[in-house]
Amino acid sequence: MTRPSLSRRSLLATGGAAVVALGATAAAPAAAAAPAEPAPVTPAEALRRLLRGNHRFVTGHSRHPHQSLDDLHELAAGQHPFAVTIGCADSRVAPELLFDQGLGDLFDNRVAGNIVDDLLLGSVEFAVEEFGSPLIVVLGHERCGAITATIDAIHSGGTAPGHIGVIVDSLRPIVEPVLAGPGDPVEKAVRANVQAQVHTLLERSPIIAEKVHEGALSVVGARYDLDNGRVALVG
């Protein structure tokens, strides 16, 4: 199946100009560069790089790669992220930190509850088409506030205020079926939501499904532990 290519120049020119302007005015000294890693080509290589970075983060050996002003200057002309993340907007779940990556490495999509709606799906498809990123990670986390708010609304029979209700309504069909039975309801719902969003990506996007079928892309689910910083895959 053939699709027209998107134009980096038309879609990214404004952002690139802003970065150049930032580089022209900033005068902070460049940070020491971490050893460069070859860009991952396959989904397996991309996943290994993320998990190695998380291990460094957990063990206190983060390298903070590609975070200098010089790196920013190099990226002004274009970006080539090796992984796409779909994570929660929670302030404790910053992918570049917990995976020990830097500028230009990850194409982050963050929204409360890591929900794949039409807008977010378009953002992910853009990265897959434009940059050829070989990996998509749906990243949930323990004690998710969006999940907790949804469970509270289900138990109380009430509604969430304002547009928070949109989040709750999106999560309710995923969360409600897993509440019965033993186990922590929030933890069960977090895992169920990660799996549901992975399924949504594969079922609703022919672009993603085709690249997965070709072996050029993998979509994985993961859970981030706030207590120890570890990321574990969710099957």
Side-chain angles (χ1 to χ4, degrees), residues 1-19 39-40 42-43 46-47 50 75-91 93-96 99 101 103-141 144 146-147 150 162-175 190 192-222 224 234:
M1 180 166 58
T2 302
R3 289 177 295 274
S5 297
L6 301 175
S7 169
R8 288 192 185 90
R9 184 178 300 276
S10 61
L11 289 172
L12 302 178
T14 302
V19 172
T42 69
L47 182 58
L50 289 184
L75 289 166
Q79 58 176 316
H80 302 282
F82 73 86
V84 181
T85 62
I86 301 169
C88 187
D90 192 296
S91 63
V93 189
E96 279 82 6
F99 287 121
Q101 302 301 315
L103 297 166
D105 290 331
L106 306 180
F107 193 86
D108 295 332
N109 300 268
R110 298 179 64 186
V111 63
N114 43 276
I115 299 165
V116 179
D117 60 8
D118 287 342
L119 185 61
L120 191 143
L121 185 57
S123 178
V124 173
E125 288 180 337
F126 170 79
V128 169
E129 281 282 86
E130 184 72 357
F131 309 125
S133 305
L135 180 67
I136 300 172
V137 179
V138 178
L139 183 63
H141 68 96
C144 178
I147 295 292
T150 302
H163 287 79
I164 301 172
V166 177
I167 299 172
V168 169
D169 290 344
S170 296
L171 292 173
R172 185 187 295 266
I174 300 168
V175 171
V190 165
N193 184 45
V194 168
Q195 293 170 332
Q197 304 308 331
V198 168
H199 180 77
T200 295
L201 289 166
L202 295 172
E203 290 296 313
R204 292 190 55 206
S205 173
I207 292 174
I208 292 172
E210 179 183 0
K211 290 186 179 295
V212 169
H213 178 72
E214 293 170 350
L217 175 69
S218 284
V219 183
V220 302
Y224 173 55
V234 173

Given 3.5 Å as the limit, does a donor-acceptor pair link the side chain of Arg110 with the main chain of Val93, or not? yes
To the nearest 0.5 Å, tell me how far [X] [atom1] sits from [Y] [atom2].
X: Leu217; Y: Glu210; atom1: CG; atom2: CD; answer: 11.0 Å
X: Glu130; Y: His80; atom1: CD; atom2: NE2; answer: 9.5 Å
X: Ile174; Y: Asn193; atom1: CD1; atom2: CG; answer: 4.5 Å

Side-chain heavy-atom pair [X], [Y] within 4.5 angstrom cut-off:
X: Gln197; Y: Thr200; value: yes
X: Thr85; Y: Leu139; value: no
X: Leu106; Y: Pro81; value: no
X: Val220; Y: Leu135; value: yes
X: Ile208; Y: Leu121; value: yes

With sequence neighbours left out, the residues meeting salt bridge (Lys or Arg N to Asp or Glu O under 4.0 Å) with Asp90 are Arg92
Set of residues satisfying side-chain contact (heavy atoms from CB on, under 4.5 Å) with respect to [X], sequence neighbours excluded:
X: Val111; value: Leu120
X: Val190; value: Cys144, Ile147, Val186
X: Pro134; value: Pro43, Ala46

Do you know which two heavy atoms are closest between [X] and [Y], and how far apart they sit?
X: Ile167; Y: Ala146; result: CG2-CB, 4.0 Å
X: Val84; Y: Ala127; result: CG2-CB, 3.7 Å
X: Ala112; Y: Cys88; result: CA-SG, 4.0 Å

Applying side-chain hydrogen bond (donor to acceptor under 3.5 Å, both in side chains), which residue pairs with at least one partner in residues 114-123 are found, sequence neighbours left out? Asn109-Ser123, Asp118-Arg204
Residues passing the ring-ring contact (aromatic ring centres under 6.0 Å, His included) test with Phe107, sequence neighbours excluded, are Phe131
Which of these passes side chain to side chain contact (heavy atoms under 4.5 Å, CB included) with Ile86: Val219, Ile115, Leu201? Leu201
